[in-house]
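Worksheet for the structure shown next.
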Amino acid sequence: MLDRKYIRENRAAVTRAVALKREAVDIEAYYDKDARRRAALREMEDLQAAANAENKGIAARKKAGEDTTDAIARMKRISDRLKELRAVAAAMEEEADALYLRIPNVPHESVPEGGEEANTVMREWGEPWRPERAVRPHWELGRELDILYLEEAARMSGSGFFVLAGDGALLERALVNFMLDLHVEQGYRELIVPYLVNRDAMTGTGQLPKLAEDMYRVEADDLYLIPTAEVSITNLHRQETLSAELLPRRYVAFSPCFRREAGSAGKDTRGILRVHQFHKVEMVRFERPEDSWAALETLTRDAEEVLRRLELPYRVVMLATGDLSFAAAKCYDLEVWSAGVGKWLEVSSCSNFTDFQARRAGIRFKGPGGSAFVHTLNGSGLALPRVMIALLENGQTPEGRVRVPAALRPYVGGREMLG
RNA sequence: GGAGAGGUGGCCGAGCUGGUCUAAGGCGUACGCCUGCUAAGCGUAUGUGUGGGUAAAACCGCACCGAGGGUUCGAAUCCCUCCCUCUCCGCCA
């Protein structure tokens, strides 16, 4: 979330940010409720100060053995009034906070204004293969190679789930290990994290309250299945004050990701383009504020390196304000070209959240100049299903086999071909 | 899951028969004094959040003793619920 004071003192900028991000929050109502919250709080605190002073007098007189009946009667009146004021202040605070949690981060000035159509391609790498005749999409290749089962998964879990078998499972396992090794080499510390987290953690990274409908929830224990390891890694330092010399901190974790995809029924339904459960390798960085913009660039390069080594053509797209997620100030998507479906597929989002998540999750650092919120960033490195799709579809031979890029061969027993 | 013991500042730890708690004391840290150097000694300071205030500070108020409720004129202290840690028992991959 944004600093309350910043919101108060930069009304035009915040109102504009809400519009640019196309958020539904009623910002006018927030300003009204926040003003009332502060008025109620002030009145309550002034009276509390009076009560504290009175109480000190009572304590001294009791100690001296004097009669305090009158003072206690006075205290009782103050206390009753205080109780009323406290209730009012709490109600005001609750109303203001409900809106406060829905105010998005402010886009960075370099982010283009507009919706999806304003997204900007920053650079492209590799040569997209656009075959004359249609080539097989991954679901056909998967069936022919006997490595991807969709109907079987649907029978036990419904649509949007899949089973990988044999070389399919091997390929995914190889990719995970390859990605983790690469990112560790780049300076990220590997973690294994919880896949179920509580409400506070989800609020900390900004999934709640906005995205409640997109998450799976375990009701008996009030826990949520993570939609990305970003949640678990970022909350690693929740409510902590790190000493300045511990920054930057860079982590990488592999995890399953669970998404209900409630708002996207009918989109990308074929094969494993959009699924409810998939694996992803995720990088998260905790940086000093002055370093975070440079860090976004290196984070993006670190993710790109995966695609380069896998010899997969891709492009880097800067998201426009309207396409930017709730908590992000700036984001680059990595899109890989896949010849079978003939599309650019999003395999990574690299974002700088500035201090937005850190303020929500209470992640500070402390140096000679006092304490401040860290900046958090994260980027996929990468999401597995769509990388699998691209490897299968781009790497297919006319005989129906699949070429393994050189960088991955050590992870598949040296094999050059699957199938 | 059951029984018991705990959770207090950066750390340790007292307070827990309710009121000068504005949380003792120690350690650590910073600065100063002293001192061939270092150490020791002496002195001072030392959290977070938030509201007001200011050009910015200074400064003033409020809150914070695991979390949330309650009792009371008044809660670190009494009561309730929950969370976490430790010990023992049970169950279990």
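Convention: sequence-line order gives letters A, B, ...; per-chain numbering from 1. Below, all heavy atoms of this structure are taken into account, side chains as well, without hydrogens, waters or symmetry copies. Note that the structure is a prediction, hence the values are computed from the model and not measured.
- Taking for each of Ala50(A) and Arg4(A) the nucleotide of RNA chain B with the nearest heavy atom, the 5'-most of the two is the partner of Arg4(A).
- For C88(B), the paired base is G2(B) (Watson-Crick or G-U wobble, both distances below 3.5 Å).
- Between the CE atom of Met44(A) and the C1' atom of U50(B) there is a distance of 11 Å, rounded to whole Å.
- Pairing for G18(B) is absent, with no Watson-Crick or G-U wobble pair whose two atom distances lie under 3.5 Å.
- Note on Arg364(A): only backbone sugar-phosphate atoms sit closer than 4.0 angstrom, heavy atoms only; bases stay farther off.
- Both the sub-6.0 Å distance and the 45° axial angle are satisfied by Arg4(A) relative to the ring of Tyr100(A).
- Atom pair Leu223(A):CG and C84(B):P shows a separation of 10 Å (rounding to whole Å applied).
- No close placement of the Trp293(A) and His375(A) rings is indicated, their centers lying 6.0 Å or farther apart.
- Here CZ of Phe254(A) is found 12.5 Å from CD of Glu282(A). Values are rounded to the nearest 0.5 Å.
- Rounded to whole Å, the C1' atom of C33(B) lies 24 Å from the corresponding atom of G25(B).
- The aromatic ring centroids of Phe326(A) and Phe356(A) lie less than 6.0 Å from each other.
- Going from atom CZ of Arg199(A) over to atom P of C82(B) covers 18 Å, rounded to whole Å.
- Between the side chain of Gln396(A) and the backbone N or O of Glu393(A) there is at least one donor-acceptor pair closer than 3.5 Å.
- Taking the charged nitrogens against the carboxylate oxygens, Asp80(A) and Lys83(A) have no contact shorter than 4.0 Å, which rules out a salt bridge.
- Spacing between atom NZ of Lys56(A) and atom P of U22(B) amounts to 6 Å, rounded to whole angstrom units.
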Where protein sits on nucleotides 52-61 of chain B, one letter per nucleotide: B base, S sugar-phosphate only, - none, heavy atoms under 4.0 Å: S--------B
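- Between the CD atom of Glu93(A) and the P atom of G49(B) there is a distance of 16 Å, given to the nearest Å.
- Here the separation of U81(B) from C42(B), taken at their P atoms, is 49 Å to the nearest Å.
- For the atom pair CD1 (Ile103(A)) and OH (Tyr6(A)), the distance works out to 11.5 Å, reported to the nearest 0.5 Å.
- We find that CZ of Arg359(A) is positioned 13 Å from C1' of U50(B), with the value rounded to whole Å.
- Using P as the reference atom, A76(B) and U20(B) are 9 Å apart when rounded to the nearest Å.
- With a 3.5 Å ceiling on both atom-pair distances, the Watson-Crick or G-U wobble partner of G32(B) is C42(B).
- Under the Watson-Crick and G-U wobble criteria, each requiring two contacts below 3.5 Å, nucleotide U81(B) is paired to A67(B).
- With a cut-off of 3.5 Å on both Watson-Crick or G-U wobble distances, the partner of G61(B) is given as U50(B).
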Test log, rule side chain to side chain contact (heavy atoms under 4.5 Å, CB included), inputs Leu299(A) and Arg285(A): CA-CA 8 Å; Leu299(A) 173 70; Arg285(A) 302 169 62 132; 3.8 Å; yes
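- Within 6.0 Å of atom CZ in Arg74(A), more than 12 heavy atoms from other residues, nucleotides or ligands are found, so the atom counts as buried in its surroundings.
- Distance noted for atom P between U87(B) and C82(B): 23 Å (whole Å).
- The separation of C64(B) from A23(B), taken at their C1' atoms, amounts to 13 Å, rounded to a whole angstrom.
- Spacing between atom CG of Asp200(A) and atom P of A67(B) amounts to 13 Å, rounded to whole angstrom units.
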Tabulate protein N/O versus nucleotide N/O from nucleotides 71-75 of chain B, keeping only pairs under 3.5 Å, one per line.
residue	atom	partner	partner atom	Å
C73(B)	O3'	Ser79(A)	OG	3.0
C73(B)	O2'	Met75(A)	O	3.3
G74(B)	OP1	Ser79(A)	OG	2.9

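- Searching all strands for a Watson-Crick or G-U wobble partner of A93(B) with both distances below 3.5 Å returns nothing.
- To the nearest whole angstrom, the two P atoms, one in G49(B) and one in A58(B), are 14 Å apart.
- G36(B) and U29(B) have their P atoms separated by 24 Å, given to the nearest Å.
- For the pair Arg11(A) and Tyr31(A), the cation sits on the ring face: its NZ or CZ lies under 6.0 Å from the ring centre, inside 45° of the axis.
- For U22(B) and U85(B), the C1' atoms lie 31 Å apart once the distance is rounded to whole Å.
- Atom CG in Asp221(A) sits about 14 Å away from atom C1' in G1(B), given to the nearest Å.
- Proximity of the aromatic rings of Phe286(A) and His237(A) is defined here by a centroid distance below 6.0 angstrom, and this criterion is met.
- Base-pair partner of A76(B): not found among the strands shown (Watson-Crick or G-U wobble, both distances under 3.5 Å).
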